[in-house]
Protein chains: 2
Amino acid sequence: MPSIGIGLDSCVIPLRFGGLSLIQTTDFFYPLVDDPYMMGKIACCNVLSDLYAMGVTECDNMLMLLGISSKFSEKARDVVVPLMMRGFKDCAEEAGTTVNGGQTVLNPWCLIGGVATAVCQLNEFIMPNNAVPGDVLVLTKPLGTQVSCNAHQWLEQKSDKWNRIKLIVTEEEVEKAYQDSMFIMARLNKTAAQLMHTHNSHGATDVTGFGILGHAQNLVKQQKNAVNFIIHNLPCIAKMAAIAKCCGNTFGLLQGTSAETSGGLLICLPREQAAKYCAEIKKVEGHQAWIIGIVEGGNQTAKIIDKPRVIEVETLDDGTVQSVPPTTTSRRPNHPKAVVQEPQKVVLQQIPQAVQEQPDLPVVSQQLPTIIQQIEQTPASMHQQTICNITPVTLQTSQQVQQVIVEDPQQYQHMQQQAQYQNHH
Amino acid sequence: MPSIGIGLDSCVIPLRFGGLSLIQTTDFFYPLVDDPYMMGKIACCNVLSDLYAMGVTECDNMLMLLGISSKFSEKARDVVVPLMMRGFKDCAEEAGTTVNGGQTVLNPWCLIGGVATAVCQLNEFIMPNNAVPGDVLVLTKPLGTQVSCNAHQWLEQKSDKWNRIKLIVTEEEVEKAYQDSMFIMARLNKTAAQLMHTHNSHGATDVTGFGILGHAQNLVKQQKNAVNFIIHNLPCIAKMAAIAKCCGNTFGLLQGTSAETSGGLLICLPREQAAKYCAEIKKVEGHQAWIIGIVEGGNQTAKIIDKPRVIEVETLDDGTVQSVPPTTTSRRPNHPKAVVQEPQKVVLQQIPQAVQEQPDLPVVSQQLPTIIQQIEQTPASMHQQTICNITPVTLQTSQQVQQVIVEDPQQYQHMQQQAQYQNHH
């Protein structure tokens, strides 16, 4: 029976029952986008990605981990927390699983994450260590999520850093990259995992905090065969490479060390399967995947070539993620108007409607009502801090929702009632 | 197939494979004792307790959740974090399971917890909802863990509250209650869970944040039959009832609402089995369990009678937990010297030896080394806060260890090398 303890993405624990394995993973972190609903989706997606990297397509259960910030005002909290939970839950449903349990605490920093668990037969997961020389490397989402979130924060704050990068990017481009990035992070790697089986994947990992190179290194070290990974192409969210170049050592995007959140799968595929794999993902999901490198004989090292080709990537009007033709790219700075999706629209279009349809927002932990009582008695004197490149964002409600809170207490109360936590037990 | 979603203690999810169920739970919180090793054990014990409450005795895998406080100095952190991890891991081993995976983040408050998962056949777990009138209620650990931790903190700080309670308790009594409490919280409910099967338990829950009455209420609401729970006896760590009485509304110990951490199981047993169950626990573990109430016909409510009998409980020299004979109790304030176990002894007797034997302390998350690098760049400006009765304690190393750090850098470096995290992948 294959077994991975403290493994790459998920542990694989052989069970006592005929050929079954327990595969599970946990992840939690701090908000990096200011839309609570999208943040919930991204957190859920990010946890599931560790299962998908093992080729596991069916998750049997999820738990939700929540830290409610002591900085939230009472009213903001009553809007933000249900939205975050709803985002997490909706994403779990989209993945075909459910959230049954979790824990909620009060914490200076808002915190969100979860646990994903699957019980699988041997043919339902793919060990990550079978790459052979001649394989190629495929990546299923573009890089640059961290860069786009930070650039967006600089824009919002009109900070010194914004003054530097605004010479090479427009506000619209940063807004669009941020919106693209949110939807990319909130996209499940489930199709990518399913197609690993049909295209004979030799192993995969998901790209998160260590950047593409860090995760390539982790994956190559696991390999049974003597191989190296060589990366030639870096698909990046449009304009993020330019921002990274402009910012000196702030981001290691082109060096492959820029942190990603809920990134794509990095997959080793037989050479003859790789193009078919990418075509099949495009057919099923509409989104592009990229061949980014090769597997050679070697000594378990991964590197990016000296001058990697940067592939600019953006989300088209139909919602699919695609490479931008080079000619278009060079024209982009003069492009009259990018399609900007306001974060407010995300919140207001998607949520209150959903809430109206299903007023029974579940409580993840029985402790939540108690915690929420306690929050009111807690001075909101804690402040969030910037840790290196990891910038916990204060989750905000959309401007419209905030206005409702301030201007129309009755409508707010109505929204609140609709979003009321109900304790099912 | 029985199924519990967002359930009482653990969720029970029917799997696709012949009669198997996934049973899992998560819990994380802030330190409440200042011995990192014991804190790790308590956190692990507390997570497993939710499985034990379901009669599950074999845990297939654990994940560890860690938040490393930005308040830790670099040196304290290098001692505290391995100790906390070691405590968690040792407790998991004692329970017959292993820790394979987890997540580590930097957080203003130190945070510790985990995930426990079991895959079980139908006869390996006990649904919590089969109490019948005539059953009796058994409790496997005494109450008062929160009171003892707070009283100990007041003593350490010589606070105003200490000045109030010192009229009725001695320093030695508070120290002893705190030590007793640590070992009680770090004790597994595994034997209690095993014996639930042999003594035909009708359901159980573990006593934690809501206090004995809160959890009794949660349990009674789950029952299929129309029943009430009536609690007559409150076994409490010695002197804690006196402190609670002295402190007005600070603790609801005698009202059953004082929070517990890693408390005992509250079990519904057939009347003819209860005394045998308690005798059997005592035979196997040495520790006492108590019949604390009865199950009557009713309408799913739980209550404590007007004047419950308080049973004073302490740990004897042989390490077992027992009721104190009433005569001894009344004499206790004048008892010349309680046996005080210094927290330092716990650390120094148990840890460095263990570390020497197994120098390969595992890293729970691949992110830990990165996080630890980041910690050094983070201003330690965050302060822990008191939230209601939940007081996050700053984990401390023993005085001896701290002295070593300051006075003998070489020996410290040696200790550090022994405790070095090694990344297994």
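Naming convention: chains lettered A, B, ... in sequence-line order (proteins, then strands); numbering from 1 in each chain. Just so it is clear, the values below take in all heavy atoms, side chains as well, and ignore hydrogens, waters and symmetry mates.
Shortest non-hydrogen contact noted between A/Val119 and B/Phe17 is O-CE1, 3.3 Å. The shortest heavy-atom contact between A/Leu63 and B/Cys11 is CD2-SG, 4.4 Å.
Once rounded to the nearest 0.5 Å, the distance linking CZ of B/Phe29 with CG of A/Leu106 reads 15.5 Å. Atoms CG and CD1, from B/Asn61 and A/Ile23 in turn, are 11.5 Å apart once rounded to the nearest 0.5 Å. The line from OG1 of A/Thr26 to CG of B/Leu65 is 5.0 Å long, rounded to the nearest 0.5 Å.
Not counting sequence neighbours, A/Gln223 has no partner by the side chain to side chain donor-acceptor pair (under 3.5 Å) test. A search for side chain to side chain donor-acceptor pair (under 3.5 Å) contacts involving B/Ser21 returns nothing, not counting sequence neighbours.
Both the backbone and the side chain of B/Gln121 come within contact range of chain A, each with at least one heavy atom under 4.5 Å from a heavy atom of that chain. If you measure heavy-atom distances from B/Thr98 to chain A, you find no contacts under 4.5 Å at all. For B/Phe28, the parts sitting under 4.5 Å from any heavy atom of chain A are the backbone and the side chain alike.
Most heavy-atom pairs under 4.5 Å with chain A, from the set B/Leu20, B/Leu111, B/Val12: that is B/Leu20. When the candidates A/Leu15, A/Asn107, A/Val115, A/Thr117 are compared by the number of heavy-atom contacts under 4.5 Å with chain B, A/Asn107 comes out ahead.
Remark: side-chain polar atoms of A/Arg16 are not paired, donor with acceptor, to backbone N or O of B/Asp60 under 3.5 angstrom.
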